[in-house]
4 protein chains.
Amino acid sequence: MTKQLAPRSPRCPAPAVRQRLPPDIRIQQILDVALEAFARDGYAATRIDDIAQRAGLSKGGVYAHFKSKEEIFEALLSRTLAPKSLDGLILAPAGSVTVPRVVERIVDRMYVDLCDPRTVLTLRMLLADGIRVPERVGQWRRMVIEPYLKAIETLLRQGVADGTLRKSILAEAPWLVLAPAVFAAMWQLVFEDATPASLDAQRRAHIALVKELLGPEVPRETTHGDGTGTLARAR
Amino acid sequence: MTKQLAPRSPRCPAPAVRQRLPPDIRIQQILDVALEAFARDGYAATRIDDIAQRAGLSKGGVYAHFKSKEEIFEALLSRTLAPKSLDGLILAPAGSVTVPRVVERIVDRMYVDLCDPRTVLTLRMLLADGIRVPERVGQWRRMVIEPYLKAIETLLRQGVADGTLRKSILAEAPWLVLAPAVFAAMWQLVFEDATPASLDAQRRAHIALVKELLGPEVPRETTHGDGTGTLARAR
Amino acid sequence: MTKQLAPRSPRCPAPAVRQRLPPDIRIQQILDVALEAFARDGYAATRIDDIAQRAGLSKGGVYAHFKSKEEIFEALLSRTLAPKSLDGLILAPAGSVTVPRVVERIVDRMYVDLCDPRTVLTLRMLLADGIRVPERVGQWRRMVIEPYLKAIETLLRQGVADGTLRKSILAEAPWLVLAPAVFAAMWQLVFEDATPASLDAQRRAHIALVKELLGPEVPRETTHGDGTGTLARAR
Amino acid sequence: MTKQLAPRSPRCPAPAVRQRLPPDIRIQQILDVALEAFARDGYAATRIDDIAQRAGLSKGGVYAHFKSKEEIFEALLSRTLAPKSLDGLILAPAGSVTVPRVVERIVDRMYVDLCDPRTVLTLRMLLADGIRVPERVGQWRRMVIEPYLKAIETLLRQGVADGTLRKSILAEAPWLVLAPAVFAAMWQLVFEDATPASLDAQRRAHIALVKELLGPEVPRETTHGDGTGTLARAR
DNA sequence: TATGAATGAGGCTTCATTCAT
DNA sequence: AATGAATGAAGCCTCATTCAT
């Protein structure tokens with residue numbers, strides 16, 4: 001063990017300034033950066049070094065806060081898949097469930113989320129690596145997705161019952177309300193095509209769809225302008 | 001994915017006898033297996049050893065057919081993203097574009113594809129690792145997806161012009177026709193939830209939607225049975 | 001995952017000749033080398049690189065035969081702590097258990113072992129790192145050490161019963177027969193003092209001791225020459 | 001020992017209150033704890049964190065008292081390998097060197113030491129990592145061990161000369177007097193078998209041996225009771 | 001004195017790739 | 001065409017050491 005006699009390391013000049021942050025801040029920093037990295041490259045292809053560097057510290061520094069790469073991944077999921085409030089979706093006074101309301105509460109809200117890069121990043125991460133934590137995904141489904149669908153269903157059924165919404169398959173298969181936004185998200189994901197313009201066109205088409213299905217029985221002859229027929233490539 | 005968060009799916013034991021096969025067969029075998037592996041674990045986390053074992057030969061054996069891992073990936077994409085014929089979509093004699101026709105030609109066809117595991121695997125692969133080969137994805141978009149959307153648009157517009165379809169936003173944003181099927185695919189992908197039952201329920205809801213939008217102005221009061229409101233978890 | 005596109009490695013000129021050996025040979029080689037390394041430096045301070053280099057292959061090459069450093073350690077113990085035959089210790093025709101016999105069968109045999117570097121290396125390894133595999137050490141104790149002590153006890157008791165050995169505490173505490181050799185081994189271990197000369201002196205003193213205890217009741221006045229009083233430092 | 005083969009012994013929880021202590025106390029605490037750690041895990045496998053935690057402070061706290069891990073090790077050796085007084089061994093008035101005296105002064109004293117865990121810990125440390133500081137071990141040999149052996153030799157020779165001890169090989173190879181105790185120590189070390197009972201049995205056998213060799217020429221037929229023939233496993 | 005975040009060298013392990021057989 | 005031992009780069013993780021607080 002003669003070889004262990006020599007002290008191990010620091011001989012090189014230290015970097016500029018050793019930034020010392022409170023753990024909470026650092027942890028958030030690391031998670032933010034990790035989300036980006038995992039989403040962009042996938043869990044396997046993301047190196048701790050990447051995360052560390054982008055978080056502004058050294059590899060070892062990351063390990064002061066997380067025991068392993070896996071723990072970072074888990075922490076990220078915990079932070080992201082946390083149940084969100086369904087306020088304003090569930091609470092609907094009688095007669096209040098009109099089409100504009102539905103659009104505002106459900107459709108618009110989704111496109112707002114889709115404008116947040118973090119949503120899309122999380123989605124990509126889930127799609128690429130969610131398989132690695134099936135329990136957590138299952139939990140997310142039960143705690144977030146299914147209650148959300150249920151809330152939409154309730155809302156729509158109430159609207160139909162109140163007579164403020166037309167009767168439609170949407171009230172029975174509420175996921176159909178979400179489908180176009182999911183399509184939009186996938187489009188972004190696959191084609192890296194996040195032009196605000198195209199996203200907005202998609203949103204408008206989506207809204208038109210909802211109106212057609214739930215709106216009053218107006219004579220249909222208006223042309224809807226640009227529904228982004230072929231989703232013309234941006235740029 | 002040096003280490004898997006969740007244990008890798010159990011590898012099928014290699015077939016007892018390792019024999020020499022004609023190259024074509026071997027190559028197909030390898031690609032089949034590679035698709036499964038890349039889709040399940042992602043490109044980075046898939047080891048040549050995995051592919052070799054599942055294809056029933058050794059690591060070196062794989063290299064007898066492909067120069068590198070990357071080459072396998074590329075070959076896979078070439079095989080999968082190849083343009084498919086749009087026959088029967090484009091060719092529509094005047095007056096023939098009825099709702100049942102649309103359903104059969106577009107909607108049903110998609111769910112048939114979704115029943116094929118390979119479609120879903122390819123989707124997952126694209127989502128997880130498509131970013132690695134943006135040119136190829138772009139090419140696929142231009143050669144396959146956009147023509148497909150265009151064909152649908154043409155079809156629907158013709159139907160509307162012919163008076164066999166009702167005027168709807170669908171004719172202007174043909175992607176909306178696809179959205180529910182894409183949602184279904186994502187649902188499968190994320191929740192590993194490929195029950196034929198739930199998929200079929202989704203298909204029926206999807207069809208109902210299309211009918212509502214394109215179908216004749218029937219008085220709407222029928223209840224649509226089970227549109228799988230909340231997509232009840234299978235089992 | 002763009003970063004994964006580039007092939008991983010071999011660009012440097014290969015070493016002289018890539019020695020390819022049958023696994024059995026390699027494994028023995030590796031174990032031989034590992035024993036030396038573990039004994040000299042201890043498990044923790046031994047680097048796989050050390051072992052690999054001394055075995056004439058690369059780090060990765062070692063992993064073709066062992067899954068981990070720990071597995072090497074275990075394999076080493078399995079190879080070394082295997083039960084050895086007690087022939088010739090147990091089989092003793094009546095009247096044959098004389099002092100010279102005992103010396104030859106027990107004492108001399110131990111010093112022969114002590115001349116084998118592997119014995120001493122194994123001892124050191126056991127002392128330094130045996131604590132890490134208590135089950136294995138326990139097994140060794142039950143399978144090797146205790147039967148050995150028992151065999152000695154039986155032998156000595158028989159000699160005493162036959163009248164060929166004097167009655168002595170040795171027959172009841174057979175470990176006392178071994179103690180001087182163990183002392184010698186420790187001396188070697190601690191003081192790195194393996195001069196054949198001093199070891200032989202120790203052996204002779206050991207034999208003298210056994211003779212005094214088990215030998216015939218001769219009048220004691222002979223001087224035993226050099227029993228290596230103070231174990232004069234070698235060189 | 002990056003990874004332990006066997007799980008590390010459970011660390012004692014640090015004391016609730018971490019307080020500032022006078023340096024001397026702290027240093028002793030640290031050394032006590034370090035001895036235990038080095039002995040149990042070996043130098044390389046012992047982490048400063050281990051020592052710190054067990055001493056009830058943080059890593060940085062240890063560095064307030066020692067410049068490096070190596071320095072702790074050295075300090076430990078200095079404290080432990082310090083020469084001990086040989087009083088009462090050397091000073092022996094003519095005619096006073098009787099067997100009981102020898103037993104009391106030499107044999108019993110060793111077993112008292114063996115009852116002190118620190119002795120055994122030190123032994124283990126020497127065996128495992130003594131090789132790292134050969135000069136210090138050499139110094140210990142010259143300053144402690146050899147004078148000790150010399151003293152024993154002198155004592156025994158005087159006893160023989162005085163006629164109070166029988167002539168025996170022991171007087172010429174005084175290390176033989178120590179051998180059984182060393183064996184006992186090794187037994188403890190290897191088999192982690194520190195039952196007071198077995199140790200006492202060993203002590204009694206040891207004494208019987210010494211009596212046989214140095215004691216008066218009594219007719220030998222008594223049975224010595226339990227000399228712990230096979231060192232029956234404790235429990 | 002003491003804490004604990006941060007650094008960075010170094011060790012373990014994996015795996016794409018090569019190549020002797 | 002196929003095998004599997006061997007290579008070597010690279011990634012994960014540990015831990016002695018430093019230092020701002």
Side-chain angles (χ1 to χ4, degrees), chain A residues 4 6-12 14-15 17-23 26 44-50 52 56-65 67-70, chain B residues 1-3 18-23 26 44 46-50 52 57-65 67-70, chain C residues 4 6-12 14-15 17-23 26 44-50 52 56-65 67-70, chain D residues 1-3 18-23 26 44 46-50 52 57-65 67-70:
Chain A
Q4 300 290 319
R8 275 246 198 125
S9 56
R11 285 177 266 256
C12 323
V17 188
R18 199 188 278 204
Q19 262 291 30
R20 192 194 172 97
L21 294 182
R26 263 291 190 245
T46 297
R47 286 170 290 122
I48 295 286
D49 255 338
D50 291 343
L57 36 57
S58 71
K59 207 171 10 178
V62 172
Y63 281 92
H65 302 286
K67 278 207 291 290
S68 66
K69 189 177 173 182
E70 174 173 341
Chain B
M1 291 187 187
T2 309
K3 279 169 190 169
R18 293 183 172 180
Q19 40 181 342
R20 241 171 119 117
L21 292 182
R26 265 292 189 238
T46 297
R47 291 173 283 134
I48 296 288
D49 258 335
D50 291 342
L57 35 59
S58 74
K59 211 166 14 177
V62 172
Y63 278 92
H65 300 285
K67 272 208 299 289
S68 70
K69 187 177 173 182
E70 187 60 25
Chain C
Q4 301 290 319
R8 277 245 198 125
S9 57
R11 286 177 267 255
C12 324
V17 187
R18 201 187 278 205
Q19 263 290 31
R20 194 194 171 95
L21 294 182
R26 263 293 190 244
T46 297
R47 286 171 288 122
I48 294 286
D49 255 337
D50 291 342
L57 36 58
S58 72
K59 207 167 15 175
V62 171
Y63 281 91
H65 302 286
K67 276 207 294 289
S68 67
K69 188 176 171 182
E70 175 172 340
Chain D
M1 293 187 185
T2 308
K3 279 169 190 170
R18 291 184 174 178
Q19 39 181 344
R20 238 172 121 119
L21 291 183
R26 266 289 190 242
T46 297
R47 291 173 285 133
I48 295 288
D49 259 335
D50 290 343
L57 35 58
S58 73
K59 210 168 9 180
V62 171
Y63 278 92
H65 299 286
K67 274 208 297 290
S68 69
K69 188 178 174 182
E70 186 60 24

Choosing from [options], which nucleotide comes nearest the side chain of [X]?
X       : options               : value
C/Ser68 : E/dA2, E/dT13, F/dG11 : E/dT13
A/Ile48 : F/dA5, E/dA2, F/dC12  : F/dC12
C/Ser58 : E/dT7, F/dA6, E/dC12  : F/dA6

Whichever of B/Lys67 and C/Tyr63 has its nearest DNA chain E nucleotide further upstream toward 5': C/Tyr63
Nearest-nucleotide comparison on DNA chain F, the residue closer to the 5′ end among B/Gly60 and C/Lys59: B/Gly60
In whole angstrom, what separates [X]'s [atom1] from [N]'s [atom2]?
X       : N      : atom1 : atom2 : value
C/His65 : E/dC12 : NE2   : P     : 18 Å
A/Gln19 : F/dA20 : CD    : P     : 12 Å
A/Asp49 : E/dA9  : CG    : C1'   : 13 Å
B/Glu70 : E/dA16 : CD    : P     : 12 Å
C/Leu21 : F/dG4  : CG    : P     : 17 Å

So, for [X] and [Y], which heavy atoms are closest and what is the spacing to 0.1 Å?
X       : Y       : value
C/Gly56 : C/Arg26 : O-NH2, 3.9 Å
D/Pro23 : D/His65 : CA-CE1, 4.1 Å
A/Asp50 : A/Ala45 : OD2-O, 4.4 Å

Pair assignment for E/dT13, Watson-Crick or G-U wobble, requiring both distances under 3.5 Å: F/dA10
Watson-Crick or G-U counterpart of F/dA20, or none if no pair lies under 3.5 Å: E/dT3
Side-chain N,O (C/Arg20) to OP1/OP2 (F/dA6) below 4.0 Å: no
Under 4.0 angstrom between D/Lys69 side-chain N/O and F/dA16 OP1 or OP2: yes
Gap between atom CG of C/Leu21 and atom CG of C/Leu57 - 0.5 Å precision: 8.0 Å
Touch class at under 4.0 angstrom, heavy-atom based, for B/Pro23 against every strand present: sugar-phosphate
Under 3.5 Å donor-acceptor, B/Lys69 side chain and B/Thr46 backbone: yes
